[in-house]
Peer 1: 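For reference, the structure I am asking about is given below.
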Amino acid sequence: MSLRIKTSDPAVKALCKVADREDIATVFDRYQMQLPQCGFGSLGLCCRICYKGPCRVDPFGEGPQLGICGADRHTIVARNVTRMMAAGAAAHSEHGRHIALAMQKVGKGLLPAYRIRDEDKLYRIAELLDIDTLGKEMLEVAHDVATKTLEDFQNQDHHKGCHWISATLPDKRVDLLSRLGALPHNIDATVSQIMARTHIGCDAEPKNVFLGGIRGALADFNGMSLATELSDVMFGTPSPVVTEANIGVIDKDAVNIAVNGHNPLLSEVICDIARDMNDIAKGAGAEKGINIVGICCTGNEVMMRHGVPLATNYLSQEMAILTGALDAMVVDVQCIMPSLPQIGNCFHTEVITTMDENKMQGARHISFHEENAVETAREVIQCAINAYTRRDPNKVNIPNIKQTAVVGFSSEAIITALSKLDAVDPLKPLVDNIVNGNIQGVALFAGCNSTQTVQDESYQIIARTLAANNVLLLATGCGAGAFAKHGLMNQQATEQYAGDSLKAVLTQIGEAAGLNGPLPLVLHMGSCVDNSRAVTLATALANRLGVDLCDLPVVASAPEAMSEKAIAIASWGVAIGLPTHLGTIPQVTGSDVVTELMQEGAKDLFGGYFLVETDPKIAGNKLVEVIKGKRQGLGI
Ligand code: NFS
Ligand code: SF4
């Protein structure tokens with residue numbers, strides 16, 4: 001079994017045994033059934049853009065070299081990867097739009113389930129977006145901030161860029177992107193344009209197609225920035241909180257509800273209402289009342305804001321049901337496995353979809369709208385309590401595996417911690433330690449889990465290599481989940497793995513911030529949309545040093561990139577100037593033109609580039625070298 005189950009997570013290994021015993025197929029079994037995976041698809045050489053196809057280009061040069069319409073390998077590969085960037089941008093930006101529209105309604109007093117929880121941040125954003133606040137009520141300001149944000153979905157003037165990109169990236173970078181024609185003027189229009197230009201018989205010049213894709217990736221960045229920032233205003237800006245992660249957070253004596261997906265609009269209200277309904281759960285026999293646990297990015301959202309424990313990350317979401325003690329899994333949007341309802345059927349677990357545009361066969365659907373948020377949350381929780389009464393104690397098997405995780409390091413939280421060292425100039429201690437080399441550089445881990453690798457393994461190996469070399473580590477998304485589950489987001493990990501000078505700095509900041517010890521080895525910045533938090537920090541550093549982002553000793557790594565969203569994130573990472581490691585091979589290698597464009601070509605244009613390396617040990621060392629090179633460039 002160990003060969004078949006591609007994971008490094010002991011809890012997942014334990015639960016796969018249950019799946020075997022009960023003859024339940026999991027993601028790992030379905031992966032095996034797909035082998036060998038199609039070579040044309042893996043290289044990006046299969047085109048299904050029109051019904052004359054599918055067309056495939058022979059990678060060895062022996063069979064056909066052109067699709068029926070005449071498209072060659074470079075056009076086909078460029079169109080495929082560019083469409084992925086657009087899909088990623090659409091996904092993040094839909095999430096952002098949903099939050100912005102909700103905030104607009106909050107501003108009008110129309111959504112009693114929500115309020116403005118971080119007024120300071122609201123006013124800071126208003127200033128950033130150039131919104132006049134004089135003489136306005138707070139709710140009016142919220143309405144105006146949301147309305148101006150929504151202009152990023154509506155502006156038709158090509159000469160005006162999106163507000164959030166201009167507000168978050170260094171001016172130097174915005175100028176460069178503008179000169180390259182890579183700045184989106186409108187998220188929706190950019191996504192539409194990519195779909196249009198990659199239709200049969202349109203843009204067939206691979207570089208032009210790819211650069212159009214980069215504009216889509218920057219639209220993705222804009223969408224996630226606004227999602228992150230407005231979420232903080234409505235739900236609170238994260239600050240450090242101690243919690244636990246991995247499957248052992250499911251409690252046999254409680255009604256267990258997992259929130260899975262991405263958008264905090266529903267999960268926030270579920271957390272609120274669960275407190276009120278605890279007694280009902282106890283009345284149904286659950287000694288400890290209601291236990292909310294998180295999965296994927298919704299998990300990250302509620303973990304960083306409320307300390308809700310994280311059950312698991314993307315690849316192992318099915319495992320939560322296999323414990324036999326999960327009473328309901330409530331999902332919203334994105335990265336939710338369609339297999340969940342079938343696995344739920346083998347147990348008593350209710351799998352509940354909530355978004356009208358995201359349903360699953362076999363799941364119960366309870367339609368969520370911000371206007372009925374409280375009623376929906378009550379119905380969902382009641383459903384879980386009812387399911388609890390049907391739980392079969394003989395089927396309960398919760399591996400007692402969990403780790404302490406200190407999470408919630410928003411850029412504001414990091415600055416607050418630093419201000420304990422220098423209240424007047426909080427960035428100074430960080431800048432000084434980077435300049436003097438105590439901190440060699442910064443690495444942001446982002447992205448998913450994938451069956452192409454061993455779940456969570458590369459994250460740990462690369463992080464340990466970087467930490468030993470005194471690189472400060474940040475993480476989001478399922479990468480953050482991996483670190484939390486494997487005990488790399490706590491103080492012991494800093495003691496164990498950080499290089500001496502990094503340890504000294506983390507200890508100094510942690511002690512000053514009242515943590516009685518160092519900061520955790522990996523700082524949890526949140527969900528995938530929260531990658532923008534890392535950019536905020538990097539921009540502050542760049543501005544402080546008077547350089548552009550591509551000059552900083554800052555790298556990104558997505559060891560298990562999988563989703564279209566991850567492709568979009570990695571692509572804007574490159575576009576804003578970051579060397580960006582991918583641990584899975586992108587489906588572009590069928591075209592040397594596109595492959596070159598993503599590496600040397602991108603480096604010439606943006607300063608950032610893709611670094612593809614599947615071996616985590618080598619990847620870690622390469623990233624250390626990249627950081628050293630950047631330091632040399634800065635003369636530090
Ligand atoms: Ni990001 Fe979050 Fe996870 Fe990948 Fe999916 S949950 S938005 S896409 S799999 S990190
Ligand atoms: Fe084939 Fe061209 Fe149609 Fe693609 S767009 S499927 S290459 S004919």
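When a ligand or atom number is given, it counts from 1 through the structure's own listing order. Just so it is clear, the structure is predicted and the values come from calculations on it, not from any experiment. For the single chain, residues carry numbers from 1 onward in sequence order.
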Peer 1: Does Pro264 reach the side chain of His95, with side-chain heavy atoms less than 4.5 Å apart?
Peer 2: yes

Peer 1: Could you check whether Arg56 makes a cation-pi contact with Phe40, meaning its NZ or CZ is under 6.0 Å from the centre of the six-membered ring and within 45° of the ring axis?
Peer 2: yes

Peer 1: Using a 4.0 Å cut-off to any heavy atom of Arg79, which atoms of ligand 2 qualify?
Peer 2: 4 (Fe), 5 (S)

Peer 1: May I ask you to check whether Asp9 and Gln455 show a side-chain donor-acceptor distance below 3.5 Å?
Peer 2: no

Peer 1: Heavy atom to atom 6 (S) of ligand 1, shortest distance: which of Glu301, Gln334, His262 holds it?
Peer 2: His262

Peer 1: Listing by chain and number, what protein N/O/S atoms are under 2.8 Å from atom 3 (Fe) of ligand 1?
Peer 2: Cys478 SG

Peer 1: Below 4.0 angstrom from a heavy atom of Lys565, which ligand 1 atoms are there? Numbered from 1 as shown, please.
Peer 2: 5 (Fe), 7 (S), 8 (S)

Peer 1: Do the side-chain N and O atoms of Thr228 and Asp530 include a donor-acceptor pair separated by under 3.5 angstrom?
Peer 2: yes

Peer 1: side-chain contact (heavy atoms from CB on, under 4.5 Å), that's the test. Do Met319 and Cys16 meet it? Break it down for me.
Peer 2: CA-CA 8 Å; Met319 304 301 148; Cys16 280; 3.7 Å; yes

Peer 1: Decide yes or no for His98 and Met355: does some side-chain heavy atom of the first lie under 4.5 Å from some side-chain heavy atom of the second?
Peer 2: yes

Peer 1: More than 12 heavy atoms of other residues, nucleotides or ligands under 6.0 Å from NE2 of His199: yes or no?
Peer 2: no

Peer 1: Is any NZ, NE, NH1 or NH2 atom of the basic residue among Arg73 and Asp592 found under 4.0 Å from an Asp or Glu carboxylate oxygen of the other?
Peer 2: no

Peer 1: Just by distance, do the side chain of Glu564 and the backbone of Ala90 share a donor-acceptor pair under 3.5 Å?
Peer 2: no

Peer 1: I'd like to know if the side chain of Thr298 and the backbone of Gly261 have a donor-acceptor N/O pair within less than 3.5 Å.
Peer 2: yes

Peer 1: Side chains of Thr453 and Pro559, heavy atoms from C-beta outward: is any pair under 4.5 Å?
Peer 2: no

Peer 1: Could you name all protein N, O or S atoms found under 2.8 Å from atom 3 (Fe) of ligand 2?
Peer 2: Cys50 SG

